[in-house]
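Data block below; observations after.
Just so you know, these numbers come straight off a predicted model, no measurement behind them.
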Amino acid sequence: PPASEVEQLVLTAEDAPEVGLQPVPADEIAGGMDALGAFTSDVRVEPEQCADLSQDGLGAQSEPGAMAIQAGQLGDTSIAVAVSRVVEGLAERAQQVRDCPVMTVAFPLQGQEMVTETTNTLLDSEAPEGVEDYAVVVQDNSMDMMGQSVRTSNIMITGVVRGLGVSVTAAGTDGPVPDEARDAALRLFAAQADKVRNA
């Protein structure tokens, strides 16, 4: 892996002006991962073996210097780009998606149990140069909230470049992620892979 700190390897606003990337402070990453860890302890995933898809290697990510994230926005879609020293689980991701085409996630919210049904699909996409364990996963989520069906979607692009984990996530809060945001996420991933490859 490159000797540089992960913070120096992750894309910045200069690399991707169209999404206005901003660094996510290290303490927020650690705090967010800890909160997510606490949250996922109350979550039930069916089938059980699909739980890894909703939370990979989160504990290890909160170690200082393990991960750098830059976050931005494209229209209504939130975009996050990350470089991580933790690559555990990335090699199995494509197979996990094939094994878990549909899963339900149940979690407590304000005294009620919320149930989300998630459909996982692998997008057919060619890995950029130098990327191993490449996977593009589309997750479509639907859940009932107070009698209303709420649909959200996200696209997670992951891979390993020179021994580092690279990921780009595009999350839409209303229905599927628009094609424009999906294409931007794929471009960002390729740019991020290049930056690590050339470091």
Side-chain angles (χ1 to χ4, degrees), residues 1-36 55-58 60-91 93-94 122-139 152-199:
S4 327
E5 299 290 322
V6 281
E7 284 77 11
Q8 294 167 337
L9 295 170
V10 73
L11 292 179
T12 63
E14 283 178 8
D15 300 312
E18 74 275 21
V19 286
L21 291 173
Q22 297 283 330
V24 177
D27 56 345
E28 270 184 42
I29 296 175
M33 293 296 174
D34 292 345
L36 218 49
Q55 44 168 33
D56 27 67
L58 289 179
Q61 304 284 23
S62 58
E63 297 296 311
M67 186 179 200
I69 302 177
Q70 291 255 354
Q73 194 83 14
L74 191 69
D76 293 333
T77 307
S78 305
I79 305 255
V81 184
V83 176
S84 169
R85 298 203 173 280
V86 182
V87 294
E88 201 183 324
L90 291 182
R93 187 177 269 279
L122 272 179
L123 262 191
D124 194 14
S125 168
E126 202 172 311
E129 194 185 332
V131 179
E132 293 165 19
D133 301 329
Y134 180 65
V136 182
V137 183
V138 180
Q139 285 194 325
T152 60
S153 169
N154 58 61
I155 294 177
M156 292 181 289
I157 311 167
T158 52
V160 178
V161 185
R162 292 179 66 191
L164 293 177
V166 169
S167 70
V168 174
T169 307
T173 49
D174 184 17
V177 171
D179 291 353
E180 180 199 1
R182 179 200 61 206
D183 294 346
L186 288 163
R187 280 197 307 275
L188 283 171
F189 184 91
Q192 180 60 80
D194 267 357
K195 190 165 179 174
V196 172
R197 212 178 66 227
N198 299 325

>> Assess the residue pair V10 and Q192 against the criterion (side chain to side chain contact (heavy atoms under 4.5 Å, CB included)); give the C-alpha distance rounded to whole Å, side-chain angles, the decisive distance to 0.1 Å, and a yes or no.
In response: CA-CA 7 Å; V10 73; Q192 180 60 80; 3.6 Å; yes
> Would Q139 and M156 satisfy side chain to side chain contact (heavy atoms under 4.5 Å, CB included), going step by step from the backbone distance to the final call?
Replying inline: CA-CA 8 Å; Q139 285 194 325; M156 292 181 289; 3.7 Å; yes
>> One pair to check against side chain to side chain contact (heavy atoms under 4.5 Å, CB included): L164 and V87. What are the steps and the verdict?
In response: CA-CA 6 Å; L164 293 177; V87 294; 5.5 Å; no
>> M67 vs V86, test: side chain to side chain contact (heavy atoms under 4.5 Å, CB included). Steps then yes/no.
In response: CA-CA 8 Å; M67 186 179 200; V86 182; over 6 Å; no
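Annotation for R85 and P1: closest pair NH1-CB, 4.5 Å, computed over non-hydrogen atoms. Heavy-atom minimum distance, A199 versus L9: CB-CD2, 3.3 Å. Contact record, T158 with R93: OG1-CD, 3.0 Å, taken as the closest heavy-atom pair. Across every non-hydrogen atom of A185 and A170, the tightest pair is CB-CB, 4.2 Å. Across all non-hydrogen atoms, the minimal contact from L122 to A135 is CD2-CB, 4.3 Å. Closest approach of I69 to A80, counting heavy atoms only: CG2-CB, 4.3 Å.
The environment of E180 atom CD is sparse: at most 12 non-hydrogen atoms of other residues, nucleotides or ligands sit within 6.0 angstrom. Other residues, nucleotides and ligands contribute over 12 non-hydrogen atoms within 6.0 Å of the CG atom of D183.
Checked against I155 for a side-chain contact (heavy atoms from CB on, under 4.5 Å), the options V177, I79, V137 give a single hit: V177.
Here the straight-line distance linking atom CG of L74 with atom CG of L188 works out to 8.5 Å at 0.5 Å rounding. In this structure, CG on L186 lies 5.0 Å from OG on S125, to the nearest 0.5 angstrom.
No side-chain heavy atom of P23 sits under 4.5 Å from any side-chain heavy atom of T12.
Evaluation of the salt bridge (charged side-chain N to carboxylate O under 4.0 Å, His left out) test over residues 187-199, restricted to residues two or more places apart or in two chains, returns D15-K195, E129-R197, D194-R197. A side chain to side chain donor-acceptor pair (under 3.5 Å) check over residues 159-175, counting only residues at least two apart or in different chains, returns nothing.
Applying the side chain to side chain contact (heavy atoms under 4.5 Å, CB included) test to E5 and every residue at least two apart in sequence or in another chain returns E7, Q8. Evaluation of the side chain to side chain contact (heavy atoms under 4.5 Å, CB included) rule for V131 yields A127, P128, Y134, V161, F189, A193 as partners, not counting sequence neighbours. By the side chain to side chain donor-acceptor pair (under 3.5 Å) test, T77 pairs with no residue at all, sequence neighbours left out. Residues passing the salt bridge (charged side-chain N to carboxylate O under 4.0 Å, His left out) test with D179, sequence neighbours excluded: R182. Residues passing the side chain to side chain contact (heavy atoms under 4.5 Å, CB included) test with P17, sequence neighbours excluded: none. Among residues two or more places apart in sequence or in another chain, the side chain to side chain contact (heavy atoms under 4.5 Å, CB included) test is passed with D133 by A91, V160.
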